[in-house]
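Worksheet: one structure, shown below.
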Amino acid sequence: MTSNLANEPARVAAMFRKMLVIRAFEEAAGENFFVGHVRGSVHQYIGEESIAVGICENLRDDDYLTSNHRGHGHSIAKGADPRAMMLELFGKVGGTSDGKGGSMHIADFSVGMLGANGVIADGCTISVGAAQAVKLLGQDRIVVNFIGDGGINRGPFMEALNWAKVYELPVLFVCENNQIAATTTTRLVTAGEGIAKRAESFDVPAVTIDGNDLFTVDGTAARVISEIRNGSGPQLIQAMTYRLRGHFAHDDAGYREAGEAEAALAHEPIRRTEAWLLENGLSQDELDGMRDEVTAEIAGYVEDAKQADWPDPSLAFTDVQDVGAPAIPGVAS
Amino acid sequence: MTSNLANEPARVAAMFRKMLVIRAFEEAAGENFFVGHVRGSVHQYIGEESIAVGICENLRDDDYLTSNHRGHGHSIAKGADPRAMMLELFGKVGGTSDGKGGSMHIADFSVGMLGANGVIADGCTISVGAAQAVKLLGQDRIVVNFIGDGGINRGPFMEALNWAKVYELPVLFVCENNQIAATTTTRLVTAGEGIAKRAESFDVPAVTIDGNDLFTVDGTAARVISEIRNGSGPQLIQAMTYRLRGHFAHDDAGYREAGEAEAALAHEPIRRTEAWLLENGLSQDELDGMRDEVTAEIAGYVEDAKQADWPDPSLAFTDVQDVGAPAIPGVAS
Amino acid sequence: MSEMTYAQAARLGLQEEMRRDPTVWALGEDLGYEGGMAGQYSDLQAEFGDNRIVDTPISESTIMGAAVGAALAGTRPIAELRFSDFAMCAVDELVNQAAKARYMFGGQARVPMVARMPIGIRGGIAAQHSQSPEAWYTHVPGLVVVTPGTPAENRGLLKAAIRCDDPVVYMEHKGLWGMTGEVDESDQSEIPLGTARTVRDGRDITIVSWAAQVGVASEAAEVLAGEGVVAEVVDLRTLWPWDRETVMASVAKTGKLLVVHEAVRVGGFGGEVAAEVAEELGVPVARLGGERIPIPFSIPLEEAYKIKADRIVARVKEMLA
Amino acid sequence: MSEMTYAQAARLGLQEEMRRDPTVWALGEDLGYEGGMAGQYSDLQAEFGDNRIVDTPISESTIMGAAVGAALAGTRPIAELRFSDFAMCAVDELVNQAAKARYMFGGQARVPMVARMPIGIRGGIAAQHSQSPEAWYTHVPGLVVVTPGTPAENRGLLKAAIRCDDPVVYMEHKGLWGMTGEVDESDQSEIPLGTARTVRDGRDITIVSWAAQVGVASEAAEVLAGEGVVAEVVDLRTLWPWDRETVMASVAKTGKLLVVHEAVRVGGFGGEVAAEVAEELGVPVARLGGERIPIPFSIPLEEAYKIKADRIVARVKEMLA
Ligand SMILES: Cc1ncc(C[n+]2csc(CCOP(=O)(O)OP(=O)(O)O)c2C)c(N)n1
Ligand SMILES: Cc1ncc(C[n+]2csc(CCOP(=O)(O)OP(=O)(O)O)c2C)c(N)n1
Ligand SMILES: [Mg+2]
Ligand SMILES: [Mg+2]
């Protein structure tokens, strides 16, 4: 897949910056998890940034996105505010859900980000429904669903593939194949050639690409998304990648072959994109400046999150439902 | 697929007789549903008899079978006693479950028939687990699961395909493709070429055959079952067929094209097998005799079922569980 | 006013809401030709097209999950599951997604969907087609639970469920499909969710029930009336929220409570009502519900499961003794 | 006697049973290398091989369904679901198949399996990883429901669950994984299912609880003791069957009942216990349980959900006032 991106260094630089934001966000999330500021589960997107950025840069703001447990990168790429996300991870007021959700439930409906998800593959069925609504309402949005290589073995995902094709829905499934699911090598529990072949058995066109190559991702996304918007029906992109860290922040990934992660560093997307930028007009100084800026930006959010207020306990009782809502302590009902 | 069966008229006659038993059983079940002796749901297997008989004649008694809602034919073919089954449909003592289960829950564990099932595709996951037990116990049984063309769109079936291949389990999936699911034309809600292609995407070998041709079914089953018993791992047979009646006894199938069912009669398995037998040594008299015998046999079971006792209400409270079982009314606990 | 069946009334309510609001649509198996298990969708596909009355694959997880997505994206889907038993194939999507999205996302989302899943025993469909798991969904924050008991209510409550911005678990009773009753077609108002209906006034004991069991309770009350015991019968209609005020006022008056439901007694919603009343009023309470057994197939066995009027009568007498 | 954690005790119980009976095996995600969420399976794959400690695809329906099939075919599988929240992806297989097979098939089948699905809140894992749906399964005929509260019990009850011929829903509390306690390794006996444990004798009120809430109830009892109120604390340990005799005897003695659970109060199993006691003994009953809200993420919100000792103390005082 050739990408026009190679002719647009400024766009590459902007996308690179977004990748840096994700990387810095994830590093900060992990660090703050270790010192106890962030609780729960933190699944970092480190090493896969080019996929989310390459896909989402080709989406409109009003396109929808559904994500999974590893949703920080998808959210930032879709336009969610990393500051609000950091506050959410800290459980503070001003977080995307004011602390009600945490890492696995980041959402920003104002930019079409319909939610990370703690249940593997549930985003898939939600995505086909959102696409059905889009059709019913006569809109031309598309829906993107991110799913992992482990998630493809859950029935609801396979149902959703069939469903999307039956109704010719404007859905793009992006399978981020980092070859592992938690501590399990996916190949060992996945029969057949994999997701591309499976998708094709539903007549859902599928393409497998190097997800760590921003240019390929961008080019593929540009083509596929425009096809879907023009009525092609659902498609699938399998983006090959590598999870540079453990499954979550408190996993040292000791199950890996020695040297595996180190070897993978050579192919990781930030280095690769940086190398391209260096060859295509940006100086090391400019790049370092960008990195420092991003690091400082995220550090600022961390500071903000530390300073921010805890939600009032009464917030635990709001936004449950309209009918039959719980009483809010201290508020006469 | 060529079958040795063509050289064994006596075996054909025996299988034909079994097909007649199924047909007569189903006709009797339907009639008795209409007059109110049989309650609940009755899904008849009329027109598909060659599949169950062709498959099950190639199984051993200790092989396992899991079925679906349309399970009478599978049960009889596997060796369940049609008399006990008729009693079950009538809800009488002596029924396969003494009236606790009814049509959708026929089982006969003594011949490896692990149960019909009221929930579409749940037999699929049960079958892979039974096969795992077989492997763990070092047995050489195989497990056959029958599923409809509508059922293939449920996630658990697709999970089970993957699972069976991952563990290389001795499972034969038989998809009885009668092209319809209740009142819905399956093609309209099924993406892609169909189940054979889907199975292959999991590296599960699949073959599509004329299910109404007893010789083809038998020949295919003989080959595939012996391969599976010899360690091939799971395989799938898609048997094309036609549901001659409504979805259940109280469905007149008014959604069909005019003349469709009539046209299908020319291809239905009992006529076809009968024609072969006539050409291969059996006389019309012999065939008529066989049919009369079978009809009388089933009529006898219906009579028995009418005469049989209703279960004592206390039976409603037995066989729930060992620990925390309900009190049986009238019995001091 | 017209006389119609419970199924017809539901169909009417749906049709009216679909005419009123173009974002209302339904998805499920066999809605088009078959028109649903009891004709509650019949001919609606002809009127509204197959993208508003959607025939789906047999994919319960996706029927429910797609409804969640479609609700998040600005429409009002009705996910038809045919049997509450099959809805168990989609419990995750209902409980982990529909019920929680608004909360987890800090109020950014609304999930205005109806998960329609008939309950109850009906003529020998046995263990996997006869369950009444309504208590489960009362236990799940975010969900509203509705159990209509008459044709008029099956129209008025369905309208309310469709108009509600919360996910509503809507549980028609299969044994009532053919029940007839008067429906006022000129009245387009909904029956407010969370309001009980006092079916029969009384003074000696309050019998609380819902769905098909209301009829049985009324039958028992009739018998009791003949013996000088005047029972008040309350149909909860909505289990979450349930109408605490009506129940407490009734029990405060009668001094005794009996809750009767078809669902298994152990772990049933009767425990909730009885415990609340006992806690608040300290009066005698009792519950009748199914024994803790799967629903059997055969007539005498199925009958043995059911809560008949005579058992209610006997229990009331015990309580008054 | 050795001191070990709740997770280690569970691991020990499983290891002992797997050594004793070659038909016992376990299946689930990440059991091999990871050894389960809390190490409750750690190194067992090395001992028993990967066909007895089976790493599975992410396919919850099949984890549960396969366990049913394997149980029908003569083995004793333990289906590990990691979180009771994810087990909702397999409710159908558990409720419609495992629980009913024996009954529907007229006693031909037994389903000796354990569906292991940890419950409870643990440090900010929020709405989709913190639920306690134990009440649901008490409502399902055919199922046994177990909620161990200490290391010794997590060994003894797991042994009983594995040996049981019924499908057992086995619900460890995630907040207890690290709890330590004495375990008598020389004693291979199981703790009989359906027997409660009186944690603390008392005379003024009976507090019934289970799982992690037992510790909180004991803490409250300690506080109350300092104020001259002697509360009896009973750990049910098994919710179905629950030990009615022990509870009734205790309440008959103390004259008052408070049930406390972490699960949402509405529709929780507290209603069952309170209603039974109120029906049988006519004494004051009360329940404490979570508000009807999803479990929130942030510390103050999560804390706001929890039932702390001070709330139990206050409720007891109200009841005694
Ligand atoms: C239904 C369900 N089952 C299990 C889990 C636990 N779990 C969380 S992430 C994960 C692995 C996911 O792997 P993959 O889909 O490849 O995504 P990745 O983490 O590699 O991005 C598992 C098993 C879950 N969250 N939901
Ligand atoms: C999970 C589930 N969903 C829906 C149903 C209702 N139902 C019973 S049979 C049937 C159609 C099945 O069609 P197919 O699998 O093709 O089998 P056939 O009846 O044609 O033999 C449906 C939808 C069910 N029993 N279980
Ligand atoms: Mg992965
Ligand atoms: Mg079919």
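Proteins get letters first, then strands, A, B, ... in listed order; numbering begins at 1 in each. Fair warning: this is a prediction, and the values are worked out from it, not measured in the lab.
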Practice task
Let me know if A:His105 has heavy atoms under 4.5 Å from chain D in its side chain, its backbone, both or neither.
Solution key: side chain
Completion exercise
Tightest non-hydrogen contact, residues D:Pro300 and A:Pro311, listed as CG-O, 3.6 Å
Exercise for the section: Decide yes or no for A:Val320 and D:Pro294: does some side-chain heavy atom of the first lie under 4.5 Å from some side-chain heavy atom of the second? Expected result: yes
Handout entry: Contact origin within A:Asn117 toward chain D - heavy atom pairs under 4.5 Å
Key = both
Fill in the blank from the handout: Max heavy-atom pairs within cutoff under 4.5 Å with chain D, candidates A:Ala121, A:Gly150, A:Ser103, A:Ala325, goes to A:Gly150
Handout entry: Separation of A:Asn153 CG from D:Glu29 CD (nearest 0.5 Å)
Key = 10.0 Å
Problem - Segment of D:Ser61 engaging chain A (4.5 angstrom heavy-atom cut-off) - result: neither
Handout entry: D:Arg122, CZ atom: more than 12 neighbouring heavy atoms under 6.0 Å
Key = no
Exercise for the section: Could you give me the CA-CA distance, side-chain angles and deciding distance for A:Ser41 and D:His129, then say whether side chain to side chain contact (heavy atoms under 4.5 Å, CB included) is met? Expected result: CA-CA 10 Å; A:Ser41 278; D:His129 290 71; 5.9 Å; no
Practice task
Measure from the side-chain N and O atoms of D:Gln128 to the backbone N and O of A:Gly118, and report whether any donor-acceptor pair falls under 3.5 Å.
Solution key: yes
Practice task
Any chance you could measure A:Ile120, atom CD1, to D:Cys89, atom SG, to the nearest 0.5 Å?
Solution key: 9.5 Å
Practice task
Might you point out which heavy atoms bring A:Gly91 and D:Ser298 nearest each other, and give the distance in Å?
Solution key: O-OG, 2.5 Å
Handout entry: Verdict with reasoning, D:Leu301 to A:Leu315, per side chain to side chain contact (heavy atoms under 4.5 Å, CB included)
Key = CA-CA 7 Å; D:Leu301 307 185; A:Leu315 264 181; 3.9 Å; yes
Completion exercise
When rounded to the nearest 0.5 Å, the distance separating CD of A:Gln321 from CD1 of D:Ile293 is 11.5 Å
Problem - CZ (A:Arg187) with more than 12 external heavy atoms under 6.0 Å - result: no
Practice task
Taking all non-hydrogen atoms of both residues into account, name the closest pair between D:Phe297 and A:Glu88 and its distance.
Solution key: CE2-O, 3.1 Å
Handout entry: D:Glu47, CD atom: more than 12 neighbouring heavy atoms under 6.0 Å
Key = yes
Problem - Contact class of D:Glu34 relative to chain A, heavy atoms under 4.5 angstrom - result: both
Handout entry: Side-chain donor-acceptor contact under 3.5 Å, D:Asp30 with A:Thr184
Key = yes
Handout entry: Region of A:Leu89 in contact with chain D, defined by heavy-atom distances below 4.5 Å
Key = backbone
Fill in the blank from the handout: Honestly, the part of A:Asp312 sitting under 4.5 Å from a heavy atom of chain D is backbone
Handout entry: Contacting region of D:Tyr305 [heavy-atom separation from chain A under 4.5 Å]
Key = neither
Exercise for the section: Name the member of A:Ala182, A:Pro326, A:Gly101 that forms the most heavy-atom pairs with chain D at distances under 4.5 Å. Expected result: A:Gly101
Handout entry: Portion of D:Glu303 that has a non-hydrogen atom of chain A nearer than 4.5 angstrom
Key = neither
Practice task
Examine whether an atom of D:Thr56 lies under 4.5 Å from a heavy atom of chain A, and if so say whether it belongs to the side chain, the backbone or both; otherwise answer neither.
Solution key: backbone
Fill in the blank from the handout: Of all heavy-atom pairs linking D:Ile58 and A:Gly151, the shortest is CD1-N, 4.2 Å
Fill in the blank from the handout: Of the listed D:Val266, D:Ile125, D:Ile295, D:Asp55, the one with the largest count of heavy-atom pairs under 4.5 Å with chain A is D:Ile125
